[in-house]
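Here the structure comes first, spelled out in C-alpha cells, and everything after it is commentary.
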Amino acid sequence: MTSLWEELDDLVNKPSSFSIKSGERGTIKPKAHFDAGDDAVALRKAIEGLGTKEKTLIDILTHRSSAQRQLICEAYQEATGRPLVDDLRGDTSGDFEDLLVALVTPPAAYDCHEVMRAMKGAGTTDDVLIEIFASRTNDQIRALNDVYLTETEKKVTLDLKKEVSGDFANALLLLAEGARDESTEVESEKAEEDAKTLYDAGEKKWGTDESKFVDILCHRSIPHLRQTLVHYNTISGTTLQQSIEGEMSGELQKLLVAVVKCVKSVPAYFAECLYKSMKGGGTDEWTLNRIMVSRCEIDLLDIRAEFKKMYEYSLHSAIESDLSGEHGDAVKAICGGDD
C-alpha cells in the first residue's frame, strides 16, 4: 500500500501540464526546412483544383506547428487575396471542416471562439466552459480574455455573468480571471490548514459551505493544492474528489471535480474526456476536435500514455474504431503513433 508521503511525493514532484511549455510533450513539432510559401501554393492547388485534395490538406496542416500554420495563412492570403480559413470553410464540410479551421486558428483565438460557441444561443454548454477554465494556465486564460476583448469589446467575465449563476458562477468567474496563485513554494502547514478548512466546510458539518471550496480550489497554486489533496485524505479518510461528489451536485460539482482532476494530472483528465467523447453510441466530435487541437503541441504524448494506462488500449486505436473518412484520417495524424 502506498504511504502518505510516497503519495505526497508523487503528487508534488510529478510533471504538471500547467507548467509544461508548448512543444515539449506534443505530437506536432515545427517542421524542419519549413517554407510557408511552398505550403501555401500546395494548399491553393489542393483547394482550387478539380475536387479538393483532402490528403494534401491533412499532410500539411497536421504536420506544421501552430506558428508555422499562421505563416502559411499569411502567405496564402498574399498569394490569393483570400483568407485560408474562408477557403477551407468553402471547400470542406462537417467535422473535417471544423478540425481544419481549428488548426489554422491561433490557440488563444480558438479557445476564445470555443467559449463564445458555448455561450451562443439558448442555454449554455457548461461542460465546455468547465473543461477550458479548469484546465488552462493563467497565461492561456489571459490570452483568451485578450482575444475576447478585441473581438467583442467586452470582457468575457461580463458575458459569463449573464449565462451562469450561483456558486458555479462564482467559481467559474474566478477561474476566468486567470489569477490563480503561481508560486512554486509550498508550505505544508498552510496546505494542511486548507485541507482542514475544506473538511470542516463539508464532511464535518451538516450542509456544505461551498464558498470555502470555491475560494481554495480556484485561488491556490497547483503545487499547494497537490499537497492539500494528500493532507485531506489523511484528515478525512476519503479523497477530496469523493467529498465534493458526495457533498455537492450540478455544475458546481462538475467544475470543482474537474479542477481537482487537473491538479492531480491534466493529461489524465483529458484522457478521460477523450474516452467519454467516444464512449457509447455516437461521438462528441466537438470535444474530440477541441482536445486534439488544443493539446497537440502541449501534452498529447502524455495524454496518449495516460489513455493507454487507464483503458488498456491506445488512443490511436480508439480513434480508428470510432471515426472514419477524412476527419478520422486527420485526427489520427494529429494523434501520431499507435502506442
Side-chain angles (χ1 to χ4, degrees), residues 20-114 116-117 136-137 139-140 142-144 146-151 288-301 303-304 319 325-337:
I20 290 173
K21 294 180 180 178
S22 179
E24 289 182 2
R25 298 295 297 159
T27 55
I28 294 181
K29 312 286 185 182
K31 183 182 184 295
H33 313 298
F34 166 72
D35 189 307
D38 287 349
D39 283 345
V41 169
L43 289 173
R44 181 179 182 179
K45 289 180 179 177
I47 292 171
E48 292 182 348
L50 185 61
T52 302
K53 295 178 176 61
E54 288 84 358
K55 186 178 184 302
T56 300
L57 303 183
I58 294 169
D59 287 347
I60 292 176
L61 296 178
T62 66
H63 292 90
R64 307 293 187 271
S65 69
S66 179
Q68 289 176 334
R69 293 193 295 269
Q70 292 313 301
L71 293 174
I72 293 170
C73 288
E74 292 176 13
Y76 189 94
Q77 177 134 6
E78 288 177 7
T80 66
R82 303 186 303 273
L84 174 58
V85 67
D86 288 353
D87 281 359
L88 290 173
R89 286 196 176 106
D91 284 79
T92 59
S93 61
D95 300 313
F96 181 52
E97 174 194 331
D98 291 342
L99 184 67
L100 296 185
V101 168
L103 285 168
V104 299
T105 304
Y110 180 51
D111 273 352
C112 174
H113 297 163
E114 289 294 277
M116 289 177 174
R117 184 177 175 186
R136 300 308 193 254
T137 64
D139 286 345
Q140 288 172 320
R142 290 168 189 157
L144 180 166
D146 288 344
V147 175
Y148 197 96
L149 184 61
T150 298
E151 294 194 7
L288 181 65
N289 281 351
R290 182 176 56 257
I291 295 173
M292 297 300 290
V293 172
S294 65
R295 308 313 293 189
C296 66
E297 291 183 68
I298 299 174
D299 56 2
L300 190 50
L301 288 173
I303 293 170
R304 275 173 25 185
I319 293 166
E326 291 85 9
H327 181 230
D329 291 339
V331 175
K332 284 186 288 185
I334 293 170
C335 180

[X] versus [Y], closest heavy-atom pair with distance:
X: G26; Y: L301; result: O-CD1, 3.5 Å
X: D39; Y: F34; result: OD2-CE1, 3.3 Å
X: A108; Y: A143; result: CB-CB, 3.6 Å
X: E326; Y: I58; result: O-CD1, 3.6 Å
X: Q77; Y: P83; result: OE1-CA, 3.4 Å

Test log, rule side-chain hydrogen bond (donor to acceptor under 3.5 Å, both in side chains), inputs D98 and H327: CA-CA 9 Å; D98 291 342; H327 181 230; over 6 Å; no
Tell me, please, which residues at least two apart from D35 pass salt bridge (Lys or Arg N to Asp or Glu O under 4.0 Å).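 D35 satisfies salt bridge (Lys or Arg N to Asp or Glu O under 4.0 Å) with no residue once adjacent residues are dropped.
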Worked check of side chain to side chain contact (heavy atoms under 4.5 Å, CB included) between I72 and V104: CA-CA 9 Å; I72 293 170; V104 299; over 6 Å; no
side-chain hydrogen bond (donor to acceptor under 3.5 Å, both in side chains) against K55, all qualifying residues, sequence neighbours excluded: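 Partners of K55 under the side-chain hydrogen bond (donor to acceptor under 3.5 Å, both in side chains) test: D59.
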Gap separating the [atom1] atom of [X] from the [atom2] atom of [Y], nearest 0.5 angstrom:
X: S66; Y: L61; atom1: OG; atom2: CG; result: 11.0 Å
X: D329; Y: L99; atom1: CG; atom2: CG; result: 11.0 Å
X: R44; Y: L84; atom1: CZ; atom2: CG; result: 12.0 Å
X: R304; Y: R25; atom1: CZ; atom2: CZ; result: 9.0 Å
X: I291; Y: C296; atom1: CD1; atom2: SG; result: 12.5 Å
X: E54; Y: T56; atom1: CD; atom2: OG1; result: 9.0 Å

Is a side-chain donor or acceptor of T62 paired with a backbone partner of I334 at a separation under 3.5 angstrom?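 Judged by distance alone, no pair lies under 3.5 Å.
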Whether E114 side chain and R290 backbone form a donor-acceptor pair below 3.5 Å: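 Absent.
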Take L57 and D91, measure what side chain to side chain contact (heavy atoms under 4.5 Å, CB included) needs, and give me the verdict at the end. CA-CA 11 Å; L57 303 183; D91 284 79; over 6 Å; no
The test is side chain to side chain contact (heavy atoms under 4.5 Å, CB included); show your working for L100 and V85 and say whether it passes. CA-CA 8 Å; L100 296 185; V85 67; over 6 Å; no
Set out, in order, the CA-CA distance, both residues' side-chain angles and the distance that settles side chain to side chain contact (heavy atoms under 4.5 Å, CB included) for R136 and D111, then state yes or no. CA-CA 10 Å; R136 300 308 193 254; D111 273 352; 2.8 Å; yes
Any side-chain heavy-atom pair from K45 and K53 closer than 4.5 angstrom?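 No, too far: nothing below the 4.5 Å cut-off.
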Do I47 and R82 touch side chain to side chain, with heavy atoms closer than 4.5 Å?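 No. Closest side-chain heavy atoms not under 4.5 Å.
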From the options K29, H63, K31, select the one residue that forms a side-chain contact (heavy atoms from CB on, under 4.5 Å) with Q68.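 By the side-chain contact (heavy atoms from CB on, under 4.5 Å) criterion, Q68 pairs with just one of K29, H63, K31: K31.
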